[in-house]
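Read through the structure below, which is laid out as structure tokens, and then see the notes.
Below, chain A is the first sequence line, B the second, and so on; all start at residue 1.
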2 protein chains.
Amino acid sequence: MTARHEEIADELRRAIAREEYTVGSLLPVETELAARYGVSRGTVRQAVATLTSEGLIGSRQGARRVVLASRRSQSFAELRSFAQWARAMGRRASGHVVSQELRPATDEDAERLQLPAGTEVLRVLRVRGLDGEPILLERTVYADWIAPAVAALDPECASVTQRLYEDTGLVFAYGEHVIDAVAAGAQDAELLGIRRTSPLLRVRRVTTTREGRPVEWSDDRYRSDAVSFSVHNSTDRNPLSREASD
Amino acid sequence: MTARHEEIADELRRAIAREEYTVGSLLPVETELAARYGVSRGTVRQAVATLTSEGLIGSRQGARRVVLASRRSQSFAELRSFAQWARAMGRRASGHVVSQELRPATDEDAERLQLPAGTEVLRVLRVRGLDGEPILLERTVYADWIAPAVAALDPECASVTQRLYEDTGLVFAYGEHVIDAVAAGAQDAELLGIRRTSPLLRVRRVTTTREGRPVEWSDDRYRSDAVSFSVHNSTDRNPLSREASD
DNA sequence: TAGTGGTCTAGACCACGCA
DNA sequence: GCGTGGTCTAGACCACTAT
């Protein structure tokens, strides 16, 4: 069952993509869209709010909505699922566990995963590839309560998220990510097949269940010649933030 | 004039920040919040939608809302305004124009700024600092119609955005940003006072007016030991995206 | 000043989760 | 099956933009 406002958002998105509304031009007013689709103004507003949050259109009180871009960049909703992201681009994801060990949680582990200090957690070092080429190095720490299921996975498993869902019903629902750049260390360089000190795009993240319980935290390093992140923003509101260290 | 839903969002945000609702606990149901604040359910929903988009709470049909985080990271809305961002952190922003020249637009300039090829554009190389320390190198190209106002600015101007607004009424309203990592080149290293090949966090962006008209595009390089970006996401929807270059 | 998007209401029904 | 959040309506009024 698809909500009407999503259908309308879809139609508008497509109309913009095929340049029926060109970048810089104005969208029809709410009342006209409501009449056209046979819905109330509230439903139209829900639809255009979606496009606004996608950065496709801009909105200000008193003025007509304006088209800002014709296409939305690939969704980032799959950040936690490398495999789904690869599939959406029509590429093949692979994975390979380099090492894996059960260890007592450090203070950092305990804090990020909201566990008592010393709980046994699972540390996994995994290389992920696109079409066979190594792209990403994941250093992940899993909470004790999910560690057995992770340890039981095939070391070559291409989609950890999907397997864990099938095996245990676990859903990775929310994530908090911090992005910066680091120089490749010796191990990074060897496993990714690049030179030492090459710049890498690093994402440190904590992933939680739908209930807000932390499942894992990870230091992910992407080859910066292979991956980039993109984001829209506006004066009104924005989801990404910039932070200074120290 | 503050909207009621914003006031309510603020109160809830503060209640979460002071741990009246702790991370992992449940928010009151909509009807109760509506009664408590003396508003309709719709207004409550607007307020909690704001917190949801900030990553503070999680929402799923049928289940109670859950608190995911107690504090929101610094807003990224000021990505376009280095000075405002610095001020929000209680730090002092500085700026210094290293070089500036009027040149015919390259094909890339013309495309990004939606100008005819060969239009005269202004290229500016600027170092930005926090509390006197160089942090960011901006290589910006301004559209012809704003170039005179930019060229007339004080080379040491700390807030370009604010000065342009005061001088011309121009508002930087929307931005599209692509984030990756690069190694510092010779010029980068010299101007930022770091070693060559140090990893830098690069943001390439296009900024537009409220009408969707491109004003400038820029290659910004941040010292990665000084700045990071952060973002929330959820399975539902997310504003940031990840792209492979190949 | 006319027209637009933003706010808010009061009510109805539905899809989903959880026990 | 009950309670929750999600969808949708029809109408009112307001704040802001544009002319």
Is the distance from the ring center of Phe172(A) to that of Tyr165(A) below 6.0 Å? no
Would you please indicate if the ring centroids of Phe229(A) and Tyr222(A) are separated by under 6.0 Å? yes
Rounded interatomic separation in angstrom, taking CZ from Arg45(B) and P from dG11(C): 17 Å
Gln46(B) CD to dT7(D) P: how many Å, rounded? 15 Å
Between Arg18(A) and Glu20(A), is there a salt bridge with N-O shorter than 4.0 Å? yes
Give every pair of a protein N or O atom and an N or O atom of nucleotides 17-19 of chain D that lie under 3.5 Å apart, one pair per line with the distance.
{"residue": "dT17(D)", "atom": "O4'", "partner": "Gly62(A)", "partner atom": "O", "Å": "3.3"}

Think Arg64(A) has a side-chain N or O under 4.0 angstrom from the OP1 or OP2 of dC16(D)? no
Are any side-chain N or O atoms of [X] and backbone N or O atoms of [Y], one a donor and one an acceptor, separated by less than 3.5 Å?
X	Y	value
Arg4(B)	Tyr37(B)	yes
Arg64(A)	Leu27(A)	yes
Thr43(B)	Val39(B)	no

Hey, can you pull the residues of residues 21-41 of chain A with a non-hydrogen atom under 4.0 angstrom from DNA chain C? Val29(A), Glu30(A), Arg41(A)
Of the listed nucleotides (dT7(D), dG6(D), dC8(D)), which one gets closest to any side-chain atom of Arg65(B)? dG6(D)
So, Glu216(A) and Thr207(A): side-chain donor and acceptor under 3.5 Å apart, yes or no? yes
Are Arg213(B) and Trp145(B) in a cation-pi setup, meaning NZ or CZ lies under 6.0 angstrom from the ring centre and within 45 degrees of the ring axis? yes
